[in-house]
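Comments concern the structure below.
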Amino acid sequence: MAYSEDHIALAAEYALGTLDADERTQVETMMTVDSEFAALVQAWEFRLGTLNQMVGLVEPRPVVWENIKAAIGHAGAPQAPLVLPETPAATMTPPPTTDDPEFGSAFDPEPSQPSEIRQSPDIGQPAEIRRPPIQARFGVDDSSNMIALASRVKRWRGIASAATAIAAALLVTLGLQVYKPDALPDAIRPKPRIQTVEVKTPAPAFTPSAQYVALLQGQNGGPAFIMTIDGATKNFTVRKVGAASEPGKSFELWLISDKLPQPRSLGVIGADDFTARPVLSGYDPDVINGATYAVTVEQAGGSPNGQPTSAPIFTGKLIETVPPGSNTPR
């Protein structure tokens with residue numbers, strides 16, 4: 001149901017509590033018979049309810065209550081009726097009367113008096129004057145129009161006050177949200193913005209242009225393999241020197257470091273004199289520099305489970321042969 005502006009204003013003033021007793025009774029009657037109007041009033045109460053949350057309790061000073069009590073006591077005292085001062089009756093000598101039948105008595109009342117004057121029986125009391133009722137001009141009674149106009153002005157004044165209060169509350173709320181959000185209630189307090197920034201620190205780069213060599217040798221002391229690593233690309237090359245392969249077996253290269261939970265396979269060493277692999281690119285420079293490189297004898301094609309199946313027969317550690325920034329002789 002579409003309501004007029006007067007009905008909406010009446011619901012807003014009822015929510016604000018600015019109506020008098022008769023108007024509140026009218027609104028409550030309308031709420032009883034019209035559920036949609038009751039919902040409209042509840043909507044205004046919900047909108048204006050945040051004003052109560054923004055205003056804290058203020059205890060009035062004791063002098064305020066004393067002034068109120070004094071005013072109530074003064075107003076409750078019975079007031080004496082207003083008494084007009086008594087006017088003493090003037091003593092005057094009545095003029096002689098004439099009994100001329102042609103002119104009549106000198107004190108005959110004139111029939112054209114605009115008002116009726118009745119003398120009080122008590123000479124000391126003033127006379128009561130009765131005037132004829134004043135007729136409305138042009139035959140129209142404007143009292144109902146004046147009452148309707150005053151009610152409408154009061155209603156729009158209440159709407160303006162409510163709009164001003166809502167705007168002030170919103171302004172205060174926005175100001176508190178920006179400058180002092182902790183002072184707001186939990187229901188309207190803005191949630192703190194948490195921004196997670198992930199900063200990735202790159203691993204220390206392997207020294208460019210450096211060359212590293214590891215001699216993989218057994219217990220007899222003779223070199224079996226020579227392993228070289230390029231510091232720029234982390235590619236390694238294994239050269240077979242004195243190791244003799246067994247039929248049906250393969251040599252497999254392992255990286256062993258205390259920073260890793262278990263040995264890592266670097267692949268099977270081929271039957272050719274040189275074997276190149278790029279598998280070290282996924283390891284940190286600290287792991288590569290401090291690791292022990294070992295060779296085990298596995299079945300053809302390498303370990304079946306990714307772990308060494310026999311003890312290492314050749315081991316060695318890296319040493320730096322060409323320092324960074326130096327030029328190799330040609």
Side-chain angles (χ1 to χ4, degrees), residues 1-79 136 140-199:
M1 177 179 178
Y3 293 99
S4 62
E5 295 181 357
D6 293 341
H7 287 84
I8 297 174
L10 196 63
E13 288 193 57
Y14 181 85
L16 283 175
T18 58
L19 299 177
D20 54 17
D22 295 335
E23 291 176 334
R24 289 186 64 86
T25 303
Q26 178 184 359
V27 173
E28 291 172 356
T29 304
M30 294 175 63
M31 291 171 61
T32 303
V33 300
D34 191 353
S35 60
E36 294 184 1
F37 185 75
L40 179 62
V41 174
Q42 292 179 358
W44 274 106
E45 291 176 348
F46 178 79
R47 294 173 187 173
L48 302 176
T50 56
L51 298 177
N52 293 331
Q53 299 180 0
M54 299 300 302
V55 179
L57 298 177
V58 178
E59 185 69 19
R61 296 177 300 170
V63 68
V64 176
W65 294 113
E66 296 298 330
N67 294 338
I68 292 175
K69 292 178 180 179
I72 293 175
H74 180 72
Q79 298 181 357
V140 179
D141 188 5
D142 294 338
S143 60
S144 60
N145 295 333
M146 292 296 295
I147 294 174
L149 180 60
S151 177
R152 181 167 297 182
V153 170
K154 181 180 178 181
R155 183 173 295 113
W156 282 109
R157 187 176 298 171
I159 293 176
S161 301
T164 303
I166 293 174
L170 291 177
L171 183 61
V172 172
T173 302
L174 292 177
L176 291 177
Q177 286 181 351
V178 175
Y179 298 103
K180 198 175 181 182
D182 295 338
L184 294 173
D186 295 336
I188 59 177
R189 182 180 303 170
K191 295 182 180 180
R193 296 181 179 179
I194 300 175
Q195 184 176 4
T196 303
V197 179
E198 182 179 359
V199 179

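Only this structure's heavy atoms are used, side chains among them; waters, hydrogens and symmetry mates stay out.
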Check for a donor-acceptor pair, side chain of [X] on one end and backbone N or O of [Y] on the other, with a separation under 3.5 Å.
| X | Y | value |
| --- | --- | --- |
| D34 | M30 | no |
| S35 | M31 | no |
| Y3 | F37 | yes |

| side chain to side chain contact (heavy atoms under 4.5 Å, CB included) assessment of L16 paired with W44 | CA-CA 9 Å; L16 283 175; W44 274 106; over 6 Å; no

| With a 3.5 Å cut-off and no angle check, do the side chains of E45 and Y14 form a donor-acceptor pair? |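 Side chains of E45 and Y14: no pair found under 3.5 Å.
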
| Taking atom CD of E5 as the centre, does the number of heavy atoms from other residues, nucleotides or ligands within less than 6.0 Å exceed 12? |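 12 or below, so no.
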
| request: Find the distance between CZ (R24) and OG1 (T18) and round it off to the nearest 0.5 Å. | output: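 Answer rounded to 0.5 Å: 9.0 Å.
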
| message | Distance check, rounded to the nearest 0.5 Å: L48 atom CG versus I166 atom CD1? | response |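 One gets 4.5 Å once the value is rounded to the nearest 0.5 Å.
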
| field | Pairwise side-chain contact, L10 with L19, heavy-atom cut-off 4.5 Å (strictly under) | value |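 SC-SC contact between L10 and L19 confirmed.
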
| message | Minimum heavy-atom separation for V64 and P60, please, with both atom names. | response |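 Answer, listing the atom of V64 first, then P60: CB-CB, 4.4 Å.
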
